[in-house]
Visitor: 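The structure's right below; bear with me while I get my questions together.
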Amino acid sequence: MAYYFEEPSHTFGEYLLVPGYSSADCIPANVSLRTPIVRFKKGDECPLYMNIPLVSAVMQSVSNDTMAIALAKEGGISFIYGSQTIEQQAEMIRRVKSHKAGFVTSDSNIKPDNTLQDVLDLKARTGHSTVAVTADGSPHGRLLGIITSRDFRINKVDPKSLVRDYMTKFDDLIVGEDGITLSQANDLIWKHKLNSLPVITGDGHLVSMVFRKDYASHEEHPLELLDENHRYVVGAGINTRDYMERVPALLEAGVDILCIDSSEGFSEWQKRALNDIHNTFGHQVKVGAGNVVDRDGFLFLAENGADFVKVGIGGGSICITREQKGIGRGQATATIEVAKARDEYYENTGIYIPICSDGGIVHDYHITLALAMGADFVMQGRYFARFDESPTNKLIVNGSYVKEYWGEGSNRARNWQRYDLGGAKSMAFEEGVDSYVPYAGSLHDNVNMTLSKIRHTMCNCGVLSIPQLQREAKITLVSQASIAEGSSHDVVVRSTSIRAE
């Protein structure tokens, strides 16, 4: 006989948080949203944290290198979509890792006997106007000078002129010595009114560059998520077909964390992928897996080495898996059960495996509910697809700005690997739709508003951290009448264009 769950499954919209005691210290400025993202042993420090509990979905219409840079600036992680060639995905990872901030290995280098046209060609390829002149043209060659677009006017000089005749020579440069701190480097930049500071070894070889613009970026983005080399942290989605070719290319490009992107994680294919990756590349390579919706699915992935587990099937705004196949579970119920399994596993083994609630989030407060129910972070697609930084087109539809948004299971994406059950290399039917979402502006402004709401809600609950929220939150199911009561009702809402005199 089939197994029947005794209770119906619920969505986030059927719950509310009940306030707790708020002390005088419980103010939004004191709230920490730092959260672990990969497994760790009791008593050890998690090897990878995020500063905010948000990651962007592994989707063509959401997560490219532009999105990854913007989200890392705010403290979260993007998982760059894997439904593209290995080379294209690896190049996106490289662009994220080379974009940053702090001590940057120079990607724009030239020899002194190259021409100004070579400088222009290099700038066109990299987008960077500060070029290091080294003896051999390499990123770590002996530094001879710096040339920028301010050193010459191409319409006033011969493009065949040599770099050596226009560069700022080494003797005229302000440089930092290897071992200088980022704070000291920025002090030199400001003291001498520089746009960049080369850092060199004792024998004059270039180590890295520090840029003024990166200091300004850090001032605006105090939670930016950086690796040990002061580069932005970035993730990537992989599938269960070509992972043995894709993973080494992504690792070489500098990826920090991987996620097996699949509609169903409780499978032999994910077991094989997790074991193959860890056995071949080592357990220092962090790989999340999923998606699952119950205790059995979580324990299966945990025992096979998943570094985090994604929860949710069929709850995404563009997902039609439930309607097509009748497979899935209410996102709140799935999150609650998997969180209980995670805590049980931690109690029995001393290993904590973070869980990611993926899908079903309509309103910002649903994020706080997901965290209170046990999620360590949430993955969102529709939310991020609305922003300037998503890779889709901005259009005008019916007089309003929108952005395109499509599912990986749609005919547009044709990401059959995500729905792979070991059969033919194709999709038999759609499990996602092609749609529009209302355009919302910049990621920075919207994410900061969302985080403000989360912090304020946590203060209403009397907590200052996500672990404390998970321990102390009080959550109640609400009736349909209570849901209606929670919105404006029994009034005529004035148009926002009407102003009081």
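Because the structure is predicted, anything quoted here is derived from the model rather than measured.
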Visitor: Just how far is it from atom CZ of Arg39 to atom CD1 of Ile353, taken to the nearest 0.5 Å?
Guide: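 It is 3.5 Å, given to the nearest 0.5 Å.
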Visitor: Is it possible for you to check whether Lys403 lies under 6.0 Å from the centre of the six-membered ring of Tyr439, through NZ or CZ, and within 45° of that ring's axis?
Guide: no
Visitor: For this output row, return yes or no: ring centroids of Tyr3 and Phe5 closer than 6.0 angstrom.
Guide: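 Yes, the ring of Tyr3 comes within the 6.0 Å limit of the ring of Phe5, centre to centre.
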Visitor: Between Ser83 and Gln60, does a side-chain hydrogen bond (donor to acceptor under 3.5 Å, both in side chains) hold up when you go through it step by step?
Guide: CA-CA 7 Å; Ser83 51; Gln60 294 174 8; 3.0 Å; yes
Visitor: Might you point out which heavy atoms bring Glu14 and Ser9 nearest each other, and give the distance in Å?
Guide: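 Shortest heavy-atom contact: OE2-O, 4.3 Å.
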Visitor: Side-chain contact test, heavy atoms from C-beta onward, threshold under 4.5 Å: evaluate it for Leu33 versus Arg455 and give yes or no.
Guide: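 The answer is yes; the side chains approach within 4.5 Å.
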Visitor: Has the side chain of Asn393 got a donor or acceptor atom that lies under 3.5 Å from a matching backbone atom of Leu395?
Guide: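 No; zero donor-acceptor contacts below 3.5 Å.
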Visitor: If you apply the rule side-chain hydrogen bond (donor to acceptor under 3.5 Å, both in side chains), what do you find for Asn448 with His444, and how did you get there?
Guide: CA-CA 6 Å; Asn448 275 275; His444 175 71; 3.2 Å; yes
Visitor: Quick one, Tyr405 and Tyr436 - any side-chain contact, counting heavy atoms below 4.5 Å?
Guide: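 The answer is no, as the side chains (C-beta and beyond) never meet within the 4.5 Å cut-off.
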Visitor: Could you tell me whether Ile27 atom CD1 has more than 12 heavy atoms of other residues or ligands within 6.0 Å of it?
Guide: yes
Visitor: Taking the side chain from Gln89 and the backbone from Ile80, do they hold a donor-acceptor pair closer than 3.5 Å?
Guide: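 Yes, because the side chain of Gln89 sits within donor-acceptor range (under 3.5 Å) of the backbone of Ile80.
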Visitor: If we only count heavy atoms from C-beta on, is the Val233 to Leu226 side-chain gap below 4.5 Å?
Guide: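 Not in contact.
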Visitor: In sequence, state the C-alpha distance, the side-chain angles, and the governing distance for Asp364 and Thr450, and then conclude on side-chain hydrogen bond (donor to acceptor under 3.5 Å, both in side chains).
Guide: CA-CA 6 Å; Asp364 287 343; Thr450 295; 3.2 Å; yes
Visitor: Please work out which of the three classes, parallel, tilted or perpendicular, describes the rings of Tyr383 and Phe387, given edges at 30° and 60°.
Guide: perpendicular
Visitor: Looking at Phe384, is Arg386 sitting on its ring face, NZ or CZ under 6.0 Å from the six-membered ring centre and within 45 degrees of the normal?
Guide: no
Visitor: Is the ring pair Phe12/His366 parallel, tilted or perpendicular, if the boundaries are 30 and 60 degrees?
Guide: tilted
Visitor: How about Ile355 and Phe298: do any of their side-chain heavy atoms sit closer than 4.5 Å?
Guide: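 Heavy-atom side-chain distance check passes, below 4.5 Å.
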Visitor: Hey, which of Lys97, Lys286, Arg231 is the one that makes salt bridge (charged side-chain N to carboxylate O under 4.0 Å, His left out) with Asp256?
Guide: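 With Asp256 as partner, Lys97, Lys286, Arg231 yield a single salt bridge (charged side-chain N to carboxylate O under 4.0 Å, His left out), made by Lys97.
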Visitor: Quick check: does any side chain N or O of Arg382 sit under 3.5 Å from a backbone N or O of Val362, one acting as donor and the other as acceptor?
Guide: yes
Visitor: I'd like to know if the side chain of Glu87 reaches the main chain of Gln84, judged simply by a donor and an acceptor atom lying under 3.5 Å from each other, with no hydrogens or angles considered.
Guide: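 Such a contact is absent between Glu87 side chain and Gln84 backbone.
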Visitor: Are any side-chain N or O atoms of Glu74 and backbone N or O atoms of Gly76, one a donor and one an acceptor, separated by less than 3.5 Å?
Guide: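 Checked: no pair found.
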Visitor: If we ignore angles and hydrogens, is there a donor and acceptor under 3.5 Å between the side chains of Asn30 and Asp25?
Guide: no
Visitor: Is it the case that the side chain of Ser63 and the backbone of Ser78 share a donor-acceptor pair, with hydrogens and angles ignored and the cut-off at 3.5 Å?
Guide: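 It does not hold such a pair.
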Visitor: Might you point out which heavy atoms bring Arg246 and Ile238 nearest each other, and give the distance in Å?
Guide: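 Closest heavy-atom pair between Arg246 and Ile238: CD-CG2, 4.1 Å.
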Visitor: Quick one: does Val309's side chain get under 4.5 Å of Cys356's, heavy atoms only?
Guide: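 A side-chain contact is absent here, since even the closest heavy-atom pair is not under 4.5 Å.
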Visitor: Measure across Met379 and Phe79 and return the closest heavy-atom pair with its distance rounded to 0.1 Å.
Guide: CE-CD1, 3.9 Å
Visitor: Search all heavy atoms of Ala70 against all heavy atoms of Glu389 and return the closest pair with its distance.
Guide: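 In terms of heavy atoms, the two residues are closest at CB-CG, 3.6 Å.
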Visitor: Give the minimum heavy-atom separation between Gly13 and Val478, together with the two atoms involved.
Guide: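 In terms of heavy atoms, the two residues are closest at O-CG2, 4.3 Å.
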Visitor: Taking the side chain as everything from C-beta on, heavy atoms only, tell me whether Val293 gets closer than 4.5 Å to Val338.
Guide: no
Visitor: I'd like to know whether Asp294 forms a side chain to side chain contact (heavy atoms under 4.5 Å, CB included) with Phe300, so could you lay out the CA-CA distance, the side-chain angles of the two residues, the decisive distance to 0.1 Å, and finally the verdict.
Guide: CA-CA 10 Å; Asp294 64 2; Phe300 173 80; over 6 Å; no
Visitor: Would Val55 and Met50 count as a side chain to side chain contact (heavy atoms under 4.5 Å, CB included) if you check the C-alpha gap in whole Å, the side-chain angles of each, and the deciding distance to 0.1 Å?
Guide: CA-CA 9 Å; Val55 300; Met50 290 191 298; 3.5 Å; yes
Visitor: Check this for me: does any side-chain nitrogen of one of Lys340 and Glu344 sit under 4.0 Å from a carboxylate oxygen of the other?
Guide: no
Visitor: Are the side chains of Phe40 and Glu45 in touch, meaning some heavy atoms are under 4.5 Å apart?
Guide: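 Phe40 does not reach Glu45 side chain to side chain.
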Visitor: Look up atom OG in Ser390 and atom CG in Leu443, then write down how far apart they are to the nearest 0.5 Å.
Guide: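 So the gap between those two atoms works out to 9.5 Å.
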Visitor: Is a side-chain donor-acceptor pair under 3.5 Å present for Asn64 with Tyr81?
Guide: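 No donor-acceptor contact under 3.5 Å links the two side chains.
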Visitor: Rounded to the nearest 0.5 Å, how far apart are CG of Leu225 and CD1 of Ile52?
Guide: 9.0 Å
Visitor: Are Ser56 and Gln380 close enough that a side-chain donor and a side-chain acceptor fall under 3.5 Å?
Guide: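 Absent: no donor and acceptor within the cut-off.
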Visitor: Does Glu268 have more than 12 heavy atoms from other residues, nucleotides or ligands lying within 6.0 Å of its CD?
Guide: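 Counting other residues, nucleotides and ligands, CD of Glu268 exceeds 12 neighbours.
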Visitor: Applying side-chain hydrogen bond (donor to acceptor under 3.5 Å, both in side chains) to Ser357 and Gln331, what does each step give before you reach the verdict?
Guide: CA-CA 8 Å; Ser357 182; Gln331 189 65 15; 3.0 Å; yes
Visitor: Quick one: does Ser262's side chain have a donor or acceptor within less than 3.5 Å of a partner on Gly265's backbone?
Guide: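 Looks like no, no N/O pair under 3.5 Å.
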Visitor: Would you say the side-chain atoms of Arg342 pair up with the backbone N or O of Gly374, donor to acceptor, closer than 3.5 Å?
Guide: yes
Visitor: Any salt bridge between Lys394 and Glu404, counting N to O under 4.0 Å?
Guide: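 Answer for the salt bridge query: no.
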Visitor: Closest approach of Val493 and Ser488, non-hydrogen atoms and distance?
Guide: CG2-OG, 3.9 Å
Visitor: Nearest 0.5 angstrom please: Asp307 CG to His283 NE2, how far?
Guide: 9.0 Å
Visitor: With a 4.0 Å cut-off on N to O distance, would you call Glu303 and Lys271 a salt bridge?
Guide: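 The answer is no: the pair does not qualify as a salt bridge.
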Visitor: Is Ser98 reaching over with its side chain to a backbone N or O of Arg94, donor-acceptor style, under 3.5 angstrom?
Guide: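 Flag set: sc Ser98 to bb Arg94 pair under 3.5 Å.
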Visitor: With rounding to the nearest 0.5 Å, note down the distance linking CG in Asp358 to CG in Asn291.
Guide: 4.5 Å
Visitor: Do Asn239 and Asp261 get their side chains close enough for a donor-acceptor pair, meaning under 3.5 Å?
Guide: no
Visitor: Drop me the distance from Thr457's OG1 to Leu469's CG, to the nearest 0.5 angstrom.
Guide: 9.5 Å
Visitor: Side chains of Glu264 and Ser267: is there a donor and an acceptor less than 3.5 Å apart?
Guide: no
Visitor: Would you say that Phe308 contacts Asp376 through its side chain, given a criterion of any heavy-atom pair below 4.5 Å between the two side chains?
Guide: no
Visitor: Would you confirm whether Gln468, through its side chain, and Met458, through its main-chain N or O, come within 3.5 Å as a donor-acceptor pair?
Guide: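 No; zero donor-acceptor contacts below 3.5 Å.
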